[in-house]
A.B. asks: 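Handing you this structure, nothing more for now.
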Amino acid sequence: MGENDSIGAIARAVRDACRLVVLTGAGVSAESGTPTFRDAMTGLWASFNPEQLATPEAFDRDPELVTRWYDHRRLGCMACEPNPGHRALAELERRVVGSGRSFLLLTQNVDRLHQRAGSNAVVELHGTIMVWRCTKTGREVMPPPTPMSEYPTRTEAGGLLRPCVVWFGEMLPESALEAALSSLGECDVFLSVGTSALVQPAAGFVFEARRAGAVTCEINPQDTAITGWIDHAARGPSGRILPAIVEAAFGDGAAA
Ligand code: BV8
């Protein structure tokens with residue numbers, strides 16, 4: 001199936017969907033230049049394995065290093081802008097919800113670019129790098145767009161500030177997982193965008209969607225761990241493919 005055929009098939013699916021669930025990963029932010037999970041390992045971070053930094057044990061072992069890494073990524077995300085892929089997903093939500101159908105965007109990303117692009121129905125499966133909390137009281141703060149004053153950052157309560165992200169080995173927020181699983185259990189179209197589908201439990205969401213009888217679609221420049229369970233795969237960057245899908249589904253030349 002050529003790229004245009006896949007775009008047409010996915011456009012017809014999302015146009016006719018009654019309950020559309022979208023899952024995104026770091027790839028949807030790649031064209032925004034956000035220091036993704038692995039890119040953030042360039043330069044100063046080249047000698048560290050991300051999975052060794054994104055764990056509670058790493059923070060306990062070296063809070064200064066982990067705080068520096070997350071503050072570096074936080075400021076990097078703030079300096080980036082949503083790309084046409086983020087904006088197309090916000091338009092898709094408006095179109096689906098505007099015609100009385102249900103839409104939910106499940107993101108593994110922590111950069112809040114979906115919200116900055118205008119998406120409202122967003123579930124942050126892995127939390128966000130923009131909010132930090134005290135390790136002692138759990139009190140949350142949104143640090144300003146300037147580097148932290150000290151590494152690690154002590155709180156008045158005598159704890160340390162940590163990012164409100166889900167580290168490897170930590171449970172996902174119960175409300176987020178509940179919202180995701182209940183929407184997957186009744187969706188009729190599932191669209192995976194920009195994820196390698198290697199991180200659990202999000203990697204298993206395609207199976208929940210298939211169990212519900214959904215049509216499954218994927219947008220990614222390359223095959224992923226779930227491509228074998230995908231009905232329609234469009235190969236290319238989401239910043240180009242997503243706007244083409246929304247145009248084909250709802251534009252003047254809407255998919256027949
Ligand atoms: C949990 C926040 C209970 C932090 C992140 C079952 C089996 C095996 C392992 C496990 C399991 N259950 C749990 C685990 C352990 C672990 C896990 O999955 N490990 C993996 C490595 C095997 N999971 C957990 O610990 C989860 N907790 O399940 O609790 C439990 C715990 C322990 C044991 C049992 C049960 C918590 C996981 C959350 C981790 N936190 N983020 C931070 O950001 O620092 S995950 C982190 O990785 C990011 O969220 C990021 O999203 C994710 C990486 O995945 P992707 O988003 O897919 O990004 P990736 O770079 O891999 O791929 C990008 C894709 O984009 C590629 O396909 C590329 O081709 C494509 N792309 C590139 N350019 C573009 C593009 N696509 C479109 N357009 C483009 N332009």
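In each ligand, atom 1 is the first atom listed, and ligand 1 is the first ligand listed.
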A.B. asks: Quick check: Trp167 and ligand 1, any N/O pair under 3.5 Å apart?
C.D. replies: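 Among all N and O atoms of Trp167, none is under 3.5 Å from an N or O of ligand 1.
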A.B. asks: Side chain or backbone of Ala30 under 4.0 Å from ligand 1, or both, or neither, by non-hydrogen atoms?
C.D. replies: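 For Ala30, only side-chain atoms sit under 4.0 Å from ligand 1.
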A.B. asks: Yes or no on side-chain hydrogen bond (donor to acceptor under 3.5 Å, both in side chains) for Ser99 and Arg15, after CA distance, side-chain angles and deciding distance?
C.D. replies: CA-CA 10 Å; Ser99 53; Arg15 183 197 60 198; over 6 Å; no
A.B. asks: Apply the side chain to side chain contact (heavy atoms under 4.5 Å, CB included) test between Val21 and each candidate in Leu106, Leu191, Leu105, Asp188; give the one that qualifies.
C.D. replies: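 For Val21, the side chain to side chain contact (heavy atoms under 4.5 Å, CB included) test succeeds with only one of Leu106, Leu191, Leu105, Asp188, which is Leu106.
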A.B. asks: Considering Arg235, Gln108, Glu124 one by one, which has a heavy atom nearer to atom 50 (C) of ligand 1 than any of the others?
C.D. replies: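 Heavy atom nearest to atom 50 (C) of ligand 1 belongs to Gln108.
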A.B. asks: In a check of side chain to side chain contact (heavy atoms under 4.5 Å, CB included) between Thr24 and each of Leu113, Leu125, Ile219, Val193, which one passes?
C.D. replies: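 With Thr24 as partner, side chain to side chain contact (heavy atoms under 4.5 Å, CB included) holds for just one option, Val193.
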A.B. asks: Could you name the option among Ser192, Gly127, Gly27 that has the heavy atom nearest to atom 72 (C) of ligand 1?
C.D. replies: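 It is Gly27 whose heavy atom sits nearest to atom 72 (C) of ligand 1.
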A.B. asks: Below the 3.5 angstrom mark, is there an N/O of Ser196, backbone or side chain, next to an N/O of ligand 1?
C.D. replies: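 For ligand 1, there is an N or O atom that lies under 3.5 Å from one belonging to Ser196.
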A.B. asks: Can you list the atoms of ligand 1 that are under 4.0 Å from a heavy atom of Glu31?
C.D. replies: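 In order of number, 78 (N), 79 (C), 80 (N).
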A.B. asks: Near Arg73, which atoms of ligand 1 are under 4.0 Å from a heavy atom of that residue?
C.D. replies: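 Going through ligand 1 atom by atom, the ones under 4.0 Å from Arg73 are 42 (C), 43 (O), 44 (O).
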A.B. asks: Mark up the atoms of ligand 1 that fall under 4.0 Å of a heavy atom belonging to Tyr70, in ascending order.
C.D. replies: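 The list of qualifying atoms is 4 (C), 42 (C), 44 (O).
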A.B. asks: List ligand 1 atoms under 4.0 Å from Pro237, heavy atoms only on the residue side.
C.D. replies: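 By the 4.0 Å cutoff, the relevant atoms are 78 (N), 79 (C), 80 (N).
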A.B. asks: Does a donor on one side chain sit under 3.5 Å from an acceptor on the other, for Ser29 and His86?
C.D. replies: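 Yes, His86 and Ser29 have a side-chain donor paired with an acceptor closer than 3.5 Å.
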A.B. asks: List in chain and number order the residues that pass side chain to side chain contact (heavy atoms under 4.5 Å, CB included) with Thr137, two or more places apart in sequence or in another chain; answer none if no residue qualifies.
C.D. replies: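 With neighbours one apart ignored, the set is Cys134, Arg139, Ala157.
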A.B. asks: Tell me which one of Pro201, Ala203, Gly169 gets a heavy atom nearest to atom 28 (O) of ligand 1.
C.D. replies: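 Heavy atom nearest to atom 28 (O) of ligand 1 belongs to Pro201.
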A.B. asks: Looking only at non-hydrogen atoms, which of Asn220, Ile129, Thr224 approaches atom 68 (C) of ligand 1 most closely?
C.D. replies: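 Heavy atom nearest to atom 68 (C) of ligand 1 belongs to Asn220.
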A.B. asks: Who are the side-chain hydrogen bond (donor to acceptor under 3.5 Å, both in side chains) partners of Ser182, not counting sequence neighbours?
C.D. replies: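 Ser182: no side-chain hydrogen bond (donor to acceptor under 3.5 Å, both in side chains) contacts found.
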A.B. asks: Among Gly239, Gly194, Pro163, Gly25, which one puts a heavy atom closest to atom 63 (C) of ligand 1?
C.D. replies: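 Of the listed residues, Gly194 has the closest heavy atom.
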A.B. asks: Does Val166 reach ligand 1, in the sense of a heavy atom lying below 4.0 Å from it?
C.D. replies: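 Yes, Val166 has a heavy atom closer than 4.0 Å to ligand 1.
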A.B. asks: Any heavy-atom pair between the side chains of Met130 and Met78 that's under 4.5 Å?
C.D. replies: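 Yes. Closest side-chain heavy atoms under 4.5 Å.
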A.B. asks: Pick from Leu89, Val189, Val122: which one makes a side chain to side chain contact (heavy atoms under 4.5 Å, CB included) with Val22?
C.D. replies: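 Of the listed residues Leu89, Val189, Val122, the side chain to side chain contact (heavy atoms under 4.5 Å, CB included) partner of Val22 is Leu89.
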A.B. asks: Taking the basic N atoms (NZ, or NE/NH1/NH2) and the acidic carboxylate oxygens, is any pair closer than 4.0 Å for Asp71 and Arg68?
C.D. replies: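 So Asp71 does not pair with Arg68 through a salt bridge.
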A.B. asks: Looking at non-hydrogen atoms alone, which of Ile219, Leu198, Asp111, Leu53 comes nearest to atom 22 (C) of ligand 1?
C.D. replies: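 Selected option, by shortest heavy-atom distance: Leu198.
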A.B. asks: So, 4.0 Å and heavy atoms of Pro221: is ligand 1 close enough to count as a contact?
C.D. replies: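 The answer is yes: ligand 1 sits under 4.0 Å from a heavy atom of Pro221.
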A.B. asks: Is there a donor in the side chain of Arg61 and an acceptor in the side chain of Thr55, or the other way round, less than 3.5 Å apart?
C.D. replies: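 Absent: no donor and acceptor within the cut-off.
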A.B. asks: Show me which atoms of ligand 1 lie under 4.0 Å from any heavy atom of Glu170.
C.D. replies: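 The atoms of ligand 1 under 4.0 Å from a heavy atom of Glu170 are 1 (C), 26 (C), 27 (N), 29 (O), 36 (C).
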A.B. asks: Who gets closest to atom 18 (O) of ligand 1 by heavy atom: Gln200, Met171, Gln222, Arg240?
C.D. replies: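 Heavy atom nearest to atom 18 (O) of ligand 1 belongs to Gln200.
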A.B. asks: Taking distance alone, with no angle check, do Ala26 and ligand 1 share an N/O pair under 3.5 Å?
C.D. replies: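 Looking only at distances, the answer is yes, because the N/O contact criterion of under 3.5 Å is met.
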A.B. asks: Taking only Lys NZ, Arg NE, NH1 and NH2, and the carboxylate oxygens of Asp or Glu, determine whether Arg162 and Asp60 approach each other closer than 4.0 Å.
C.D. replies: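 Answer for the salt bridge query: no.
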